[in-house]
Chemist: 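Here it is, the structure, as structure tokens.
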Amino acid sequence: MVMFLFLVVALAVLVAAVTLAVVGGGENGPLPEAAPERLRDPLPADRPVERADVESLRFPLAARGYRMADVDDALSRLGAELAERDARIADLESALAGARSAAPHGPVHGADEHRVPMDKQAPGQEDRS
């Protein structure tokens, strides 16, 4: 019976302590709201994103993980830059293909000299049909 009474008193003290901590009790009132943490080093706006920028990107933690707005902004920026680079690569590849086809000498001669036809048998093999 003494143990039960001790547990009830301990539980009451614990509930009172938690209530005072949450409500804030005292003359200062409850604790002020903490300002939400913001992305300190966002992706640079004045130049293209580099690998080091992406590697150093750290998102601040929020109550349920990361702030969705910060992550969405970073992903949309990276997606736009990747699309821009893909378009630039496609333009350069088509220009290179056009330059190769318009070359006055045509394809490089001698490239077929070292080719081995696939229908020839390797030396030392017999036809097993």
Side-chain angles (χ1 to χ4, degrees):
M1 180 71 177
V2 175
M3 185 60 125
F4 177 73
L5 187 58
F6 174 75
L7 288 175
V8 169
V9 170
L11 183 62
V13 169
L14 182 66
V15 167
V18 169
T19 303
L20 279 176
V22 171
V23 173
E27 57 199 53
N28 293 337
L31 294 175
E33 288 292 321
E37 191 176 352
R38 298 286 182 208
L39 189 59
R40 279 185 238 126
D41 298 322
L43 297 173
D46 58 341
R47 63 178 171 80
V49 176
E50 297 173 353
R51 179 181 180 149
D53 297 327
V54 175
E55 288 175 351
S56 66
L57 187 62
R58 298 291 179 261
F59 295 106
L61 292 176
R64 293 185 181 159
Y66 296 106
R67 288 181 32 94
M68 286 192 290
D70 290 340
V71 176
D72 289 344
D73 290 344
L75 288 177
S76 64
R77 169 78 188 274
L78 289 173
E81 288 210 15
L82 286 174
E84 182 180 321
R85 289 179 188 177
D86 288 345
R88 177 76 175 141
I89 289 170
D91 289 344
L92 291 174
E93 286 177 343
S94 67
L96 180 62
R100 283 185 179 164
S101 66
H105 302 293
V108 178
H109 296 291
D112 292 334
E113 293 174 1
H114 301 289
R115 283 193 163 167
V116 177
M118 296 303 290
D119 57 343
K120 280 188 169 181
Q121 293 180 1
Q125 287 187 345
E126 298 176 14
D127 189 17
R128 296 184 181 174
S129 2

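Any value given below was found using the heavy atoms of this structure, including those in side chains, with hydrogens, waters and symmetry copies removed.
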Chemist: On a heavy-atom basis, which atom in V71 and which in Y66 lie closest, and how many Å separate them?
Modeler: CG2-CB, 3.9 Å
Chemist: Hydrophobic clusters join Ile, Leu, Val, Met, Phe, Trp and Tyr when side-chain heavy atoms are under 4.5 Å apart, directly or via other members; which others share one with V8?
Modeler: F4
Chemist: List the atom pairs, with distances to 0.1 Å, where a side-chain N or O of residues 72-79 and a protein N or O form a donor-acceptor pair under 3.5 Å, not counting sequence neighbours.
Modeler:
residue, atom, partner, partner atom, Å
S76, OG, D72, O, 3.1
S76, OG, D73, O, 3.0
R77, NE, E81, OE2, 2.9
R77, NH1, P44, O, 2.7
R77, NH2, P44, O, 2.5
R77, NH2, R47, O, 3.1
R77, NH2, E81, OE2, 2.8

Chemist: Rounded at 0.5 Å granularity, tell me how far OG in S94 sits from CD1 in I89.
Modeler: 12.0 Å
Chemist: Would you call P48 and E84 a side-chain contact if the rule is heavy atoms closer than 4.5 Å?
Modeler: no
Chemist: Can you get from L82 to L43 by hopping between Ile, Leu, Val, Met, Phe, Trp and Tyr side chains that sit under 4.5 Å apart?
Modeler: no
Chemist: Can you sort out the partners of R51 under side chain to side chain donor-acceptor pair (under 3.5 Å), two or more places apart, ordered by chain and number?
Modeler: E55
Chemist: Distance from L5 atom CG to M1 atom CE, nearest 0.5 Å?
Modeler: 6.5 Å
Chemist: My understanding is that only residues two or more places apart in sequence, or in another chain, count here; which of them pass salt bridge (charged side-chain N to carboxylate O under 4.0 Å, His left out) with E93?
Modeler: none
